[in-house]
Structures are given as structure tokens and as C-alpha cells.
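Atoms within a ligand are numbered from 1 in the order they appear, just like the ligands themselves.
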Amino acid sequence: MTEATHNVDRDEIAKFEKLAGRWWDPGSEFKPLHDINPLRLDYINRLAPLAGKRVIDVGCGGGLLTEAMAAKGAQVSGIDMGKAPLSVARLHRHESGLEIDYQQATAEQIAETQAGSFDVVTCLEMLEHVPDPGAVIAACARLIKNDGQVFLSTINRNPKAYLFAVVGAEYLLRMLPLGTHDYSKFIRPSEMEGWARACGLQLVDLTGMSYNPLTREYRLGQDVSVNYLACFRKA
Ligand code: SAH
């Protein structure tokens, strides 16, 4: 592995490879991603109107957000280290008739050749699956133009997040396969902000994404105790 691909957890990639065939099935293990997709798309499009923007989606998986951003008129690239999620994404792109450039790569690799090329970098629900999230954030920072924006999302680390994201989602509601998330890899907003600041980014907005197990619905709001989205720009 080269320097730019060392920050990849092969076991984590394998989990997504195994499930990839069901990526676009809204009743599958990927239901939570389907459910939050319109919310996060609106969030990004509100803070960075996507039409005409050059966007890269880091850890794009099967392309749920990638396609949604392309449909808003952005020129989108999607990168992921999983082969199967990428083939699913490429096939689905044909069904939707959207133009998206998909590549098997890390953010660190793309930053070596395309630094300063993107208006928007998105890296959602991926940082909790890599060995060194700070290095991914630093690569995202290198990828944006001077006036660009970086959007990150992940899961907070506290007892409530453990209860909702691991016990609730994996054990009680069986929304996700057991072992999908490793609590120790969850990230506090303060940690994310610290890594971002270290690579010259400043926080523009932090918004929570909370799940109501009774209505089985997600909504955006102030509560960042479990899932959250953040927007950064260069300081
Ligand atoms: N961002 C997508 C998919 C999230 S699932 C969404 O929110 O809809 C996490 C994805 O990150 C998986 O597809 C996995 O293969 C990918 N991934 C994990 N580590 C990676 C790395 N170091 N570089 C690129 N992709 C990675």
C-alpha cells in the first residue's frame, strides 16, 4: 500500500462489499441512508447551492448522495475503496442517466493530483470507518478551492449515541447488521472540529440529525448527541 492508501481499514471495506448488492433497496440494511438522504441533500444544497458546482463525494458507497447531488445539477465525482459498492454505483448511474465519474481511490490519493479543484467535498457516514479520520479531513481540506466547503457527517461518542446507534439500531430495531459500527470509532464534534482546525478549516455550521424510534423518522435540529452534519470552510 502506498502512503495515500494506508488509511484504509480492509475489514471495514469488506463489510460494505458484502452488502453492496442491496444498496439501492430502501428496505435493506441501507434504509437509514435512504431515510436521511433527502435531509442531508437539502442541508448541503442550502449551504452550498449545488447547481453548477464541482463536487467530490468521498466514501460514496453505492452512490445515494452522489446521484442526488448530480440530479441537483452539480458536476460530481464519487470515490470509494470498495469495489462492489462502486460497481453498484456505476450500474445505477446508467439507470438514472446521470453523469458521474466514479473511481476507486482515497481522498488522500485524489488530493495528491487534484488539490484545490472542488467547490464542495462531501464525506458522509465514512469517518467512523477509517483508522485516521483526521488524515481524511486534511485531504478533504486540500481538495477544496479557497472558497470551497467541506461537509462531514458521523456519529457522536457518548452513552446516548451508543444506545441509539449500536444497541438500538443493531440489536433492538435490527436496522443495521450486528457489528456495523464500532463505538470506539465514533467522533465527538469537538474532535472533528479539532482535526479540521489543525488543517486550516473553520466550522460554519453544526446540525444534528435525530431519529425518533416511535415515528421512525429522522429530522434535522439542534440535537447533535447522536448523528450530526457539519460544514467547514477555509479559515
Ligand atoms: N457516504 C455514503 C456511504 C457511507 S458507507 C453515504 O453516506 O451514503 C461508508 C463507505 O465508505 C463505504 O462504501 C466504504 O467502502 C467507504 N470507505 C471506507 N473507508 C474508506 C476509505 N478510506 N476511502 C474511501 N472509501 C472508504
Side-chain angles (χ1 to χ4, degrees), residues 1-26 28-44 55-71 76-93 100-112 120-140 142-143 150-155 165 169-170 175-177 179-182 185-187 195 209 218 227-230:
M1 277 197 279
T2 69
E3 188 58 25
T5 54
H6 76 286
N7 191 16
V8 177
D9 183 334
R10 299 284 156 189
D11 294 338
E12 289 291 321
I13 304 295
K15 287 184 199 167
F16 293 102
E17 300 267 18
K18 213 172 119 199
L19 304 171
R22 294 195 287 277
W23 211 291
W24 283 87
D25 173 355
S28 73
E29 294 87 345
F30 295 100
K31 180 172 173 18
L33 293 181
H34 285 265
D35 289 347
I36 63 177
N37 213 40
L39 294 177
R40 57 195 192 168
L41 175 69
D42 282 353
Y43 177 78
I44 296 165
V55 180
I56 185 160
D57 189 19
V58 174
C60 62
L64 289 179
L65 179 73
T66 335
E67 282 203 8
M69 294 192 293
V76 191
S77 303
I79 58 167
D80 200 283
M81 283 306 280
K83 279 203 172 71
L86 281 173
S87 3
V88 168
R90 289 191 181 110
L91 274 176
H92 202 275
R93 167 188 63 185
I100 299 168
D101 169 44
Y102 284 115
Q103 279 183 60
Q104 189 180 16
T106 63
E108 290 93 326
Q109 280 175 310
I110 304 292
E112 282 175 5
V120 172
V121 176
T122 53
C123 180
L124 305 193
E125 311 308 323
M126 179 273 209
L127 292 170
E128 70 276 19
H129 300 285
V130 298
D132 180 358
V136 176
I137 296 175
C140 292
R142 287 204 299 281
L143 286 167
V150 175
F151 290 89
L152 306 175
S153 75
T154 189
I155 308 173
E170 295 182 16
M175 287 159 76
L176 297 173
T180 299
H181 286 119
D182 173 356
K185 300 182 84 184
F186 291 179
I187 299 167
W195 286 317
M209 219 168 10
Y218 288 89
N227 294 88
Y228 62 94
L229 283 156

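Counting heavy atoms closer than 4.0 Å to ligand 1, residue Cys60 contributes backbone atoms (N, CA, C, O) but none from C-beta onward. Heavy atoms of Phe30 found under 4.0 angstrom from ligand 1: none, in either backbone or side chain.
At a 3.5 angstrom cut-off on N or O pairs, Val58 does not count as close to ligand 1. By the 3.5 Å distance cut-off applied to N or O atoms, Asp57 is not counted among the residues near ligand 1. Residue His129 has no nitrogen or oxygen atom sitting less than 3.5 Å from a nitrogen or oxygen atom of ligand 1, judged on distance alone.
Under a 4.0 angstrom heavy-atom cut-off, Glu17 registers as lying outside contact with ligand 1. For the ligand labelled ligand 1, residue Met81 lies inside the 4.0 Å heavy-atom shell. At least one heavy atom of Val8 lies less than 4.0 angstrom from ligand 1.
Side-chain atoms of Asn7 and Glu108 form a donor-acceptor pair, as typed in the model, at a separation below 3.5 Å.
Protein heavy atom closest to atom 18 (C) of ligand 1, with residue, atom name and distance, is Ile13 CD1, 3.4 Å. In terms of protein heavy atoms, atom 22 (N) of ligand 1 is closest to Asn7 O, 3.2 Å. Nearest to atom 9 (C) of ligand 1 among the protein's heavy atoms is Glu125 O, 3.5 Å. Of the protein's heavy atoms, Arg40 NH2, 3.4 Å lies nearest to atom 6 (C) of ligand 1. Closest protein heavy atom to atom 21 (C) of ligand 1: Met126 CE, 3.5 Å. Residue, atom and distance of the protein heavy atom nearest to atom 15 (O) of ligand 1 are Asp80 OD1, 2.6 Å. Atom 5 (S) of ligand 1 has Phe16 CE2, 3.4 Å as its closest protein atom, hydrogens excluded (heavy atom only).
Of the listed residues (Gly61, Gly59, Gly82), the one carrying the non-hydrogen atom nearest atom 2 (C) of ligand 1 is Gly59.
Of all non-hydrogen atoms in Gln104 and Lys83, the two that sit nearest each other are NE2-CG, 3.7 Å. The two residues Ala107 and Ile79 make their nearest non-hydrogen contact at N-CD1, 3.6 Å. The two atoms that bring Glu67 and Arg93 nearest to each other are OE2-N, 3.3 Å, heavy atoms only.
The aromatic rings of His92 and Trp24 lie parallel to each other, with less than 30° between the two planes, well short of the 60° mark. Using cut-offs of 30° and 60° on the angle between ring planes, the pair His129 and Phe16 is perpendicular.
Close approach of ligand 1 to Trp23 (heavy-atom distance below 4.0 Å) involves ligand atoms 3 (C), 13 (O).
At distances below 3.5 Å, at least one donor-acceptor pair connects side-chain atoms of Ser28 with backbone N or O atoms of Arg22. Of the possible polar contacts, none joining the Lys18 side chain to the Ile13 backbone as a donor-acceptor pair under 3.5 Å is found. Here the side chain of Glu128 pairs no donor or acceptor atom with the backbone of Thr154 at under 3.5 angstrom. With hydrogens and angles disregarded, a donor-acceptor distance shorter than 3.5 Å links the side chain of His34 to the backbone of Trp23.
Look at Arg40 and Asp35 and you find no salt bridge, because none of the NZ, NE, NH1 or NH2 atoms lies under 4.0 Å from a carboxylate O.
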